[in-house]
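Each ligand, and each atom within it, is numbered from 1 in the order the structure gives.
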Amino acid sequence: MIALSLAEIASLVGGQPHDIPDTGRLVTGSVVIDSRRVEPDGLFAAFAGAQVDGHDYAERAIASGAAAVLATRPVGVPAIVVPDVTEALGALARAVVARLGTTLVALTGSAGKTSTKDLIAQLLERKAPTVWTPGSLNNEIGLPITALCATEDTRHLVLEMGARGVGHIRYLTGLTPPSIGVVLNVGTAHIGEFGGREQIAEAKGELVESLPADGVAVLNADDPLVRAMATRTKARVLLFGEADDADVRAENVRLTEQGRPTFTLHTPSGCSAVTLRLYGEHHVSNALAAAAVAHELDMSVDEIAVALSEAGNLSRWRMEVTERPDGVTVVNDAYNANPESMRAALRALVAMGKGRRTWAVLGEMAELGDEALAEHDAVGRLAVRLNVSKLVAVGGREASWLQLGAYNEGSWGEESVYVSDTQAAVDLLRGELRPGDVVLVKASRSVGLERVAAALLESTSGAEGQVSGR
Ligand SMILES: Nc1ncnc2c1ncn2[C@@H]1O[C@H](COP(=O)(O)OP(=O)(O)O)[C@@H](O)[C@H]1O
Ligand SMILES: [Mg+2]
């Protein structure tokens, strides 16, 4: 964090110093919410969660070197006491970002935010110091904490913005107002909470509504609900996609034998060939969004193409491909799932598995509301239609719908099997996998299918596999 005294911080967040011997003491370390991660001269923000209350760890945080605790009550050690810690973090981030001359890039969408944010970061980092959201910390707590990592040297701040309802993105853009705003897609993620696709579009579009007239709205030309957001912004619009009128476009898209997308990238400054290190055709759209941002920040098409072709997977469990010593390939995409990403992952599996046996180990896609049955059924059917050798549906009722879809689509019913838990899936796979097989593991976060991927990677005589990507 930029150096600020405790007195300045208290004033910026509207808080009361308590038990602080010297309010002139400077905070220079990061802001953290986990007392085990406290940095010397940092700030510890105490949150009261369902299981643990951060206030109970205040003493430990100070003992580890924190300058003070941001808290909602006095804690017997140096603290700045505020009515609401989330709002205080937001106020601090807003004030710090306003002082810095950093270019703010924000992105949202139903699927691909983290992957695209990681691509944008890897592109912009080549030009100038860049700070970006680690992993998926895209909410009202993670976003200010990330923004507070920016310093006077930071030229680009790349922020993932998530939303579970209308008004959330507006709140986040109020803290860190972007000059470049990217909307990737409007899918069905969290549709149960939002109510419908239109509501999701309403919420995601708040990002472009926040942009200034000299800003840029980077919109997906291939997604009608995103393209329509052009009318909701004062900013200039830059379209990306495969549509003919997209400013940043991919042509001749195909998947290599490894399942990696390769295409010709067109930007207003020319064209250049790209082969991604990431797996799955859905990353073409993500790469184009990243290219559009890089183009706006003055990178040439050749620079962008090289950077995209070298960019790796920065966040875990997203199409993480590991070759086992026995020739089984494990594709761990267990981070999350929705209908769009399930389809993209199945297509990538089939491309990677050409001439090999392919296994799709899939679980529930959460939060689909009324569409849950139809969407699980459709994914099950697609697995059969794409000729995936075997679908293993893991978990509860939703997983059984996946299996039923596959069963109804297949002629013999041998294309799919249902198991009720991850251990049963592991036992089945351990018994049946043969050298050369490719296994995709994917479900919503809550299912915890990464345990299946981990077990498959452990089960090979202790030898280390080769993890590709970064
Ligand atoms: N453009 C896209 N369209 C559909 N699915 C995608 C896209 N990009 C990534 N995915 C898939 O969505 C899941 C979540 O990806 P991630 O990049 O973490 O997105 P988010 O941060 O929006 O949740 C992954 O399983 C990934 O394979
Ligand atoms: Mg994310």
Quiz prompt | Near the Mg ion (ligand 2) (under 2.8 Å) - protein N, O or S atoms | solution = Thr114 OG1, Ser136 OG, Glu160 OE2
Exercise. Check ligand 1 against Asp333 and write out every atom of the ligand that is under 4.0 Å from a heavy-atom position of the residue.
Key: 24 (C), 25 (O), 27 (O)
Quiz item: Does His282 offer a backbone N or O that forms a donor-acceptor pair with the side chain of Ser285 under 3.5 Å?
Solution: no
Quiz item: Are any side-chain N or O atoms of Thr133 and backbone N or O atoms of Leu137, one a donor and one an acceptor, separated by less than 3.5 Å?
Solution: no
Give me the nearest non-hydrogen protein atom to [atom] as residue plus atom name, then the distance to 0.1 Å.
atom: atom 20 (P) of ligand 1; answer: Lys113 N, 3.5 Å
atom: atom 2 (C) of ligand 1; answer: His282 CB, 3.7 Å
atom: atom 11 (C) of ligand 1; answer: Ser341 CB, 3.1 Å
atom: atom 18 (O) of ligand 1; answer: Arg318 NE, 2.6 Å
atom: atom 17 (O) of ligand 1; answer: Ser115 OG, 2.5 Å
atom: atom 1 (N) of ligand 1; answer: Asn286 OD1, 2.9 Å

Test your reading of the structure: does [X] have an N or O sitting under 3.5 Å from an N or O of ligand 1?
X: Ser285; value: no
X: Gly112; value: yes
X: Thr116; value: no
X: His283; value: no
X: Glu340; value: no

Quiz item: Honestly, is Arg445 close enough over Tyr335, meaning NZ or CZ under 6.0 Å from the six-membered ring centre and within 45° of the axis?
Solution: yes
Self-check item: Minimum-distance pair of heavy atoms, taken over all atoms of Ala88 and Leu70
Solution: CB-CD2, 4.1 Å
For ligand 1, is there an atom lying under 4.0 Å from some heavy atom of [X]?
X: Asn336; value: yes
X: Glu160; value: yes
X: Ser110; value: yes
X: Lys442; value: yes

Can you give each donor-acceptor pair under 3.5 Å made by side-chain atoms of residues 290-299, sequence neighbours left out, with the distance rounded to 0.1 Å?
| from | atom 1 | to | atom 2 | distance (Å) |
| --- | --- | --- | --- | --- |
| Glu296 | OE1 | Arg236 | NH2 | 2.9 |
| Glu296 | OE2 | Arg236 | NH1 | 3.1 |

Quiz prompt | Proximity of Ala337 to ligand 1 by residue part, where a heavy atom lies under 4.0 Å | solution = neither
Self-check item: ligand 1 contact on Leu184 by region, counting heavy-atom pairs under 4.0 Å
Solution: neither
Exercise. Answer yes or no: does atom CG of Asp244 have more than 12 heavy-atom neighbours from other residues, nucleotides or ligands under 6.0 Å?
Key: no
Practice problem: Could you go through the salt bridge (charged side-chain N to carboxylate O under 4.0 Å, His left out) check for Glu202 and Arg232 one step at a time? | Solution: CA-CA 10 Å; Glu202 181 60 33; Arg232 291 171 62 187; 3.8 Å; yes
